[in-house]
Q: 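Questions regarding the structure given below will be posed in turn.
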Amino acid sequence: MTRLILASASAARIALLKNAGLDFEARAAAIDERAIEAPLAESRIAASGIALALAEAKALSVAASQPDTLVIGADQVLVAGAERWNKPASLAEARAQLLALAGRSHTLHSAVAVVRGHAVLWRHEDAAHMTMRAFTPDFLEAYLARVGDLALKSVGAYQLEGPGIQLFDRIDGDYFTILGLPLLPLLKFLRSEGALP
């Protein structure tokens, strides 16, 4: 069976692949995401293109030292109106993101790429549309107190698989895409490569 590496330390992505029954190793990619993202954003590349570029960069970074291995890279970009956001760096930033998203819709663009050596073999992007409810400041403070530093682990400062689900009124899109890894298309590709039965 083909050896698999996930170029990520994301607990959500690791859990998705483990729960799907994949045998893989997880290695965080040593890349500067903001340095890759900045020129793309200045060139007005769409959020989906930025997510794909980041997913590919992560996979290529890890694959450079693992030429005979299939390496999976993934990334996610959040867009609300004309704004594009990254993971919050502090709880104050998480609070500001959530206040800005309250009562509004945003789009999560999730991308995945599979690389062998220096070649991108496959890439896929999907989007989910999310509408947050207009929660009260008291609810927001209670939410942040409950999740703590977990709010810093994902763009938008929420995890849908936990208390973050209470932030939302409406969700349109694939659950796995929302968690940051379009899983069904990935599994289909890995089967086509003989990496899964």
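Numbering starts at 1 and runs along the sequence shown. None of the values given here were measured: they were computed from a predicted structure.
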Q: Counting only heavy atoms not in Asp172, do more than 12 fall under 6.0 Å of its CG?
A: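 Yes.
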Q: Could you tell me which non-hydrogen atom of Arg191 sits nearest to which non-hydrogen atom of Pro197, and how far apart they are?
A: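 Nearest pair, atom of Arg191 first, then Pro197: CD-O, 3.5 Å.
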Q: Just to verify, what does Leu99 make a side-chain contact (heavy atoms from CB on, under 4.5 Å) with, not counting sequence neighbours?
A: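 Only Arg95, Leu140 meet the side-chain contact (heavy atoms from CB on, under 4.5 Å) criterion with Leu99.
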Q: Hydrophobic cluster mates of Val71, side-chain heavy atoms under 4.5 angstrom, ILVMFWY only, any path?
A: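 The other cluster members (ILVMFWY side chains, heavy atoms under 4.5 Å, direct or chained) are Ile5, Val62.
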Q: Mind listing the closest non-hydrogen atom pair of Gly73 and Ala59 along with its distance?
A: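 Result for this residue pair: N-CB, 3.7 Å.
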Q: Between Met130 and Leu167, does the side-chain contact (heavy atoms from CB on, under 4.5 Å) criterion hold? Intermediate values first, please.
A: CA-CA 10 Å; Met130 323 274 290; Leu167 298 167; over 6 Å; no
Q: Under the 3.5 angstrom rule, does the side chain of Gln97 hit a backbone N or O of Asn86 as a donor-acceptor pair?
A: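 Looks like yes, one N/O pair under 3.5 Å.
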Q: List the atom of Arg27, the atom of Arg3, and the distance in Å for their closest heavy-atom pair.
A: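 Smallest heavy-atom distance, with atoms named: NH2-NH2, 3.7 Å.
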Q: Between the side chain of Arg116 and the main-chain N/O of Leu121, is any donor-acceptor distance below 3.5 Å?
A: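 Such a contact is absent between Arg116 side chain and Leu121 backbone.
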Q: Could you walk me through whether Leu186 and Leu17 pass side-chain contact (heavy atoms from CB on, under 4.5 Å), step by step?
A: CA-CA 10 Å; Leu186 173 62; Leu17 293 185; 4.1 Å; yes
Q: Ile36 and Val79: same hydrophobic cluster, using ILVMFWY side-chain contacts below 4.5 Å?
A: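 Looking at the clustering, Val79 is in the same group as Ile36.
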Q: Please name the pair of heavy atoms, one in Ala94 and one in Pro88, separated by the smallest distance, quoted to 0.1 Å.
A: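 Of all heavy-atom pairs spanning Ala94 and Pro88, the closest is N-CB, 3.5 Å.
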Q: When clusters are formed from ILVMFWY side-chain contacts under 4.5 Å, directly or step by step, what else is grouped with Leu60?
A: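 When side chains under 4.5 Å apart are linked, the cluster holding Leu60 also contains Val115, Val120.
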Q: Please give me the minimum heavy-atom distance between Ala102 and Phe135, naming the atom from each residue.
A: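 Nearest pair, atom of Ala102 first, then Phe135: CB-CZ, 3.6 Å.
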Q: Short question: side chain of Arg133, backbone of Gln166 - any donor-acceptor pair under 3.5 Å?
A: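 Between the backbone of Gln166 and the side chain of Arg133 there is a qualifying donor-acceptor contact (under 3.5 Å).
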Q: Strictly under 6.0 Å, is that where the ring centroids of Tyr158 and Phe168 end up?
A: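 They qualify: ring centres under 6.0 Å apart.
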Q: Taking all atoms of both residues into account, what is the closest heavy-atom pair of Leu190 and Ile72, and its distance?
A: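 Heavy atoms only, the tightest pair is CD1-CD1, 4.2 Å.
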Q: Does any N or O in the side chain of Gln159 come within less than 3.5 Å of the main-chain N or O of Leu150, such that one atom is a donor and the other an acceptor?
A: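 Yes, because the side chain of Gln159 sits within donor-acceptor range (under 3.5 Å) of the backbone of Leu150.
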Q: Are the side chain of Gln76 and the backbone of Ile178 linked by a donor-acceptor contact shorter than 3.5 Å?
A: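 A pair under 3.5 Å: yes.
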Q: Would Lys58 and Glu33 pass as an ion pair if we require N to O under 4.0 Å?
A: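 Yes, Lys58 and Glu33 are salt-bridged.
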